[in-house]
Amino acid sequence: MPKITLPDGSVREYENAVTGLDIAMSISEGLARNVLSVEVDGEVWDAFRPIEKDAGIKLLTWDDEKGKATFWHSSAHLMAEAVEQLFPGVKFGIGPDIENGFYYDMDFGEINLTEADLEKIEKKMKELASQKQTFMREDISKKDALAYFENKNDQYKLELISELEDGEITLYKSGSFTDLCRGPHVPDTSKIKAIKLTSIAGAYWRGDETRQMMTRIYGITFPKAKMLEEYLVKLEEAKKRDHRKLGKELEIFMFSQRVGQGLPMWLPRGAEMRERLENFLKKIQRQYGYKPVITPHIGNKDLYVTSGHYEKYGQDSFRPISTPVEGEEFLMKPMNCPHHCEMYKFKPRSYRDLPVRYAEFGTVYRYEQSGELHGLTRVRGFTQDDAHIFCRPDQLEEEFIKVIEIVLKIFKTLGFQDYTAQISLRDPNNKEKYIGSDDNWEKSESAIINATEKMGMDTITEIGEAAFYGPKLDFMVRDALGRKWQLGTIQVDYNLPERFDLEYVGADNERYRPVMIHRAPFGSMERFVAVLLEHSGGKLPLWLVPDQAIVLPISEKYENYAKNVVDLLQNSDIRTLVDNRAEKIGKKIRDAELSKVPFMLIVGEKEEAEGLVSVRRHGEGDLGQFTIESFVEVVNTRLEEELS
RNA sequence: GCCGAUGUAGCUCAGCUGGUAGAGCAGCUGAUUUGUAAUCAGCCGGUCGGCGGUUCGAGUCCGUUCAUCGGCUCCA
């Protein structure tokens with residue numbers, strides 16, 4: 001006689017074991033149609049699995065993330081079934097649901113799958129889905145499970161099973177396909193109405209590059225055809241916002257094969273924009289007591305031997321630069337901290353001098369793997385808005401808080417409201433991956449946790465994600481389309497002060513070791529600008545945008561007046577262009593709209609006669625006529641709002 | 001680095017089964033002198049990513065290499 005408690009607190013009693021579907025049916029038929037799975041005391045179950053004991057349940061539909069996950073996981077099975085029918089003998093790895101859809105890793109042996117095959121599989125899936133195949137759950141002993149997949153000659157499933165405990169193994173069967181699976185699944189395949197296999201890619205078995213390369217097929221499915229259409233439209237929108245496309249269109253940056261892969265070059269409009277960002281941060285840093293420093297682009301190899309980076313990354317980096325002196329080697333600097341450590345050592349430091357905060361927009365070079373390069377977000381040469389804070393252990397938490405303030409100020413100014421702060425701690429079961437004493441790790445981890453708590457921040461904590469030298473706090477932002485990007489980072493480091501033998505003299509005249517904080521609120525200028533472009537869709541804030549206004553004379557007759565307007569605006573520090581082409585005003589407006597200039601100033605007979613401009617706002621339209629002075633004021637007010 | 005795909009004018013793209021390149025936009029020139037998202041005409045522009053091969057003949061087929069894209073892995 002299970003007693004079932006629903007989320008609203010109501011309790012229903014049933015005579016016998018009851019399934020999620022039964023419960024849904026007893027509420028309404030519509031709900032029963034929509035239910036995908038059911039959460040039973042916090043665990044997601046099949047909606048068709050009998051509940052025998054008292055439980056608190058929640059019926060999951062497409063509107064629940066967990067319901068979606070069930071839907072997509074079942075879709076992965078459906079795809080596997082289709083593949084197995086079309087390509088008998090294919091072996092299966094894993095096929096989970098993901099944030100947007102699902103994938104399945106499969107070993108096709110000698111067969112080379114092409115995009116055209118995706119359509120075939122898709123078609124087969126639709127056929128199978130419409131057969132309304134039910135999913136069946138079956139508990140199976142380890143022995144029987146091994147025997148089953150032994151028979152199928154699927155070494156991947158055998159490997160997975162070998163790692164499972166007897167008694168916790170289940171199979172799911174739908175149509176002709178049986179899979180090792182924890183579940184849960186949707187009641188039947190007919191719920192899967194719209195199917196799109198999106199891409200095909202290679203993926204190492206269990207993410208290990210020394211192991212078999214499998215074929216991964218990504219797909220997404222929906223319960224309604226319209227949802228798929230909307231999703232595809234959203235994908236198109238995302239493509240339009242791609243910073244690689246916008247960077248080209250807006251002339252922000254470029255790459256050249258001849259210069260080299262992953263080596264971005266900032267075009268004038270991009271370089272000016274970057275300078276504005278840098279100046280904005282420099283001003284804040286001055287207020288927070290940072291001192292600018294400048295260091296060279298290369299450093300002696302010994303510097304990185306001392307820092308420990310050479311040992312860890314030397315083999316995967318740009319090769320050292322040799323000199324006429326036998327045995328002398330330099331490295332392109334992969335980070336700025338070793339240089340800054342040496343600067344700390346320039347003179348003896350007193351406890352009164354700390355914290356010392358050295359800031360530098362430092363360009364660094366890292367040999368990223370070629371397949372990993374991606375626009376401005378992943379490059380081989382980039383500029384960090386780097387700074388290193390050398391402080392006493394008792395100052396650590398306070399300094400950490402101040403850095404967080406800077407990061408939050410930047411995010412606020414640039415409109416990244418939706419961010420996640422992730423605390424990355426070390427994996428206590430895998431301590432040999434990290435350097436530094438247990439004691440130091442504990443101290444720095446608690447400093448980060450305390451600082452975020454005092455700032456009242458929402459954080460997520462990831463165990464095992466720390467850098468090898470210390471824990472960190474990373475800021476991830478979501479862009480307008482919900483994609484996640486890592487930007488700012490704050491990292492505690494007890495290791496480099498040790499390796500560089502950094503010291504300060506305490507009040508008791510004893511020598512002590514300072515703590516170091518690495519921090520970069522933007523992360524890198526390249527990545528930040530990339531994210532900013534995608535976040536804004538190229539409609540940059542007025543204070544950053546390359547050209548703030550463009551004057552559009554109606555005809556040649558008003559060119560002189562247009563020139564006057566440009567001069568006046570430039571004198572008021574408004575970045576202004578003029579379009580003097582012999583084109584009609586409609587064409588000039590169209591081109592200006594496409595190039596995303598925030599303000600278009602149309603000038604013709606009326607404007608010249610009365611000393612006015614007709615203002616059109618990008619994406620909004622005509623704002624009416626303004627005097628030059630009042631337009632300047634509109635711009636300045638807007639700038640103040642943005643930077644306040 | 002690995003798997004797969006792609007690579008034609010500054011940009012976006014066409015070019016069927018091999019017969020020696022084409023459009024729109026941009027640019028230039030001229031005409032037009034224009035009132036809130038494309039005025040018209042003419043012209044310029046490509047050793048079809050590079051190298052090698054097959055062939056009477058290759059943008060089209062093969063090999064190789066470089067770059068880009070989608071993933072995997074990695075990210076001081």
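Proteins come first, then strands; the chains are lettered A, B, ... in the order of their sequence lines, and each starts at number 1.
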I'd like to know if the side chain of A:R211 and the backbone of A:Y204 have a donor-acceptor N/O pair within less than 3.5 Å.
no

I need the CG-P distance between A:D107 and B:G4, as an integer number of Å.
13 Å

Base-pairing assignment for B:G24 (Watson-Crick or G-U wobble, both under 3.5 Å):
B:C11

Counting any heavy atom closer than 4.0 Å, what does A:R216 reach on the DNA or RNA strands: base, sugar-phosphate only, or nothing?
sugar-phosphate

Between A:D316 and A:G621, name the one whose nearest nucleotide on RNA chain B is closer to the 5' end.
A:G621

What nucleotide among B:C69, B:U39, B:G1 has an atom nearest to a side-chain atom of A:K584?
B:U39

Would you say the side-chain atoms of A:E368 pair up with the backbone N or O of A:H374, donor to acceptor, closer than 3.5 Å?
no

If you check the A:R590 side chain, which of B:U34, B:A37, B:U12 turns out closest?
B:A37

By nearest atom, which of the nucleotides B:G35, B:G70, B:A76 is closest to the A:A467 side chain?
B:A76

Provide the distance between the two P atoms, one in B:G50 and one in B:A37, to the nearest whole Å.
43 Å

At under 4.0 Å, does any side-chain N or O of A:Q261 touch on OP1 or OP2 of B:U68?
yes

So what does A:A582 touch, heavy atoms closer than 4.0 Å: a base, only the sugar-phosphate, or nothing?
base

Taking only side-chain N and O atoms of A:K557, does any of them lie within less than 4.0 angstrom of OP1 or OP2 on B:U34?
yes

When you measure from the side chain of A:H374, which nucleotide among B:U39, B:G70, B:G35 comes out closest?
B:G70

Base, sugar-phosphate or nothing for A:E249? Non-hydrogen atoms, less than 4.0 Å.
nothing

Centres of the A:F631 and A:F599 rings: under 6.0 Å?
yes

Can you tell me the Watson-Crick or wobble partner of B:G63, both distances under 3.5 angstrom?
B:C51

At 4.0 Å (heavy atoms only), tell me whether A:E465 reaches a base, stays on the sugar-phosphate, or touches nothing.
nothing

Indicate the ring-plane relationship of A:F390 and A:H388, choosing parallel, tilted or perpendicular according to the 30° and 60° boundaries.
tilted

Distance, C1' atom - from B:U39 to B:U33, rounded to whole angstrom:
11 Å

Just checking A:K312: base, sugar-phosphate only, or nothing, at a heavy-atom cut-off of under 4.0 Å?
nothing

Would you kindly compare A:G371 and A:D622 by the position of their nearest RNA chain B nucleotide and give the one closer to the 5′ end?
A:G371

For the P atoms, the ones on B:U6 and on B:C13, what distance do you get once it is rounded to whole angstrom?
15 Å

Classify A:G586 by what it touches in the nucleic acid, base, sugar-phosphate, or nothing, heavy-atom distance under 4.0 Å.
sugar-phosphate

Once you apply a heavy-atom cut-off of 4.0 Å, does A:R378 come out as touching a base, just sugar-phosphate, or nothing?
base

With a 3.5 Å cut-off and just heavy-atom distances, do the side chain of A:E368 and the base of B:G1 make a donor-acceptor pair?
no

What nucleotide among B:U36, B:G1, B:A76 has an atom nearest to a side-chain atom of A:H309?
B:A76

Any sub-3.5 Å donor-acceptor pair from A:D385's side-chain atoms to A:F522's backbone N or O?
yes

Taking the minimum atom-to-atom distance to the side chain of A:R366, which one of B:C75, B:G35, B:A37 wins?
B:C75

Gap in Å between the two P atoms, one belonging to B:G45 and one to B:G53, rounded:
30 Å

On a heavy-atom basis, which atom in A:L542 and which in A:Q548 lie closest, and how many Å separate them?
O-NE2, 3.0 Å

Does any N or O donor sit under 3.5 Å from an N or O acceptor when you compare the side chain of A:R258 with the base of B:A67?
no

Rounding to the closest angstrom, what is the interatomic distance between B:G30 and B:C16 at atom C1'?
40 Å

Quick one: A:R527 CZ to B:C75 P, roughly how many Å, whole number?
13 Å

Can you tell me which nucleotide in B:C72, B:A76, B:U39 comes closest to the side chain of A:Y204?
B:C72

Among B:G35, B:U36, B:C72, the nucleotide that comes nearest once only the side chain of A:R616 is considered
B:U36

Using Watson-Crick or G-U wobble geometry with both distances under 3.5 Å, which nucleotide pairs with B:A31?
B:U39

Which part of the nucleic acid, if any, lies within reach of A:K588 when heavy atoms closer than 4.0 Å are counted: base, sugar-phosphate only, or nothing?
nothing

Quick one: label A:G207 by what it contacts on the DNA or RNA (base, sugar-phosphate, nothing), any heavy atom closer than 4.0 Å.
sugar-phosphate

I'd like to know if the side chain of A:H339 and the backbone of A:I298 have a donor-acceptor N/O pair within less than 3.5 Å.
yes

Determine the interplanar angle of the A:Y365 and A:H297 rings, folded into 0 to 90°, and report it as parallel if under 30°, tilted if 30 to 60°, perpendicular if over 60°.
tilted

When all nucleic acid strands are considered with a 4.0 Å heavy-atom cut-off, which category describes A:S199: base, sugar-phosphate, or nothing?
sugar-phosphate

Roughly how far apart, to the nearest Å, are B:G10 and B:G46 at atom C1'?
12 Å

Sugar-phosphate, base or nothing in reach of A:I585, heavy atoms under 4.0 Å:
sugar-phosphate

Closest nucleotide among B:C25, B:C69, B:C72 to the A:K587 side chain
B:C25

Do the non-hydrogen side-chain atoms of A:P521 and A:L281 ever get within less than 4.5 Å of each other?
yes

Identify whether any heavy atom of A:S317 sits under 4.0 Å from a base atom; if not, whether one sits that close to sugar-phosphate; answer base, sugar-phosphate or nothing.
base

Determine whether the aromatic ring of A:Y218 stacks with the base of B:G71, defined as ring centroids separated by less than 5.5 Å and ring planes inclined by less than 30°.
no

With heavy atoms under 4.0 Å as the rule, sort A:S614 into base, sugar-phosphate or nothing.
base

Could you let me know what B:C16 is paired to, Watson-Crick or G-U wobble, both distances under 3.5 Å, or none if it's on its own?
none

P-based separation of B:C43 from B:G49 [nearest Å]:
27 Å

Using purine N1 to pyrimidine N3 plus N6-O4 or O6-N4 for Watson-Crick, or N1-O2 and O6-N3 for G-U wobble, each under 3.5 Å, what pairs with B:C2?
B:G71

Quote, to the nearest angstrom, the C1' distance that separates B:C66 from B:G52.
15 Å

Of the options B:U39, B:U36, B:A67, whose atoms approach the side-chain atoms of A:Q257 most closely?
B:A67

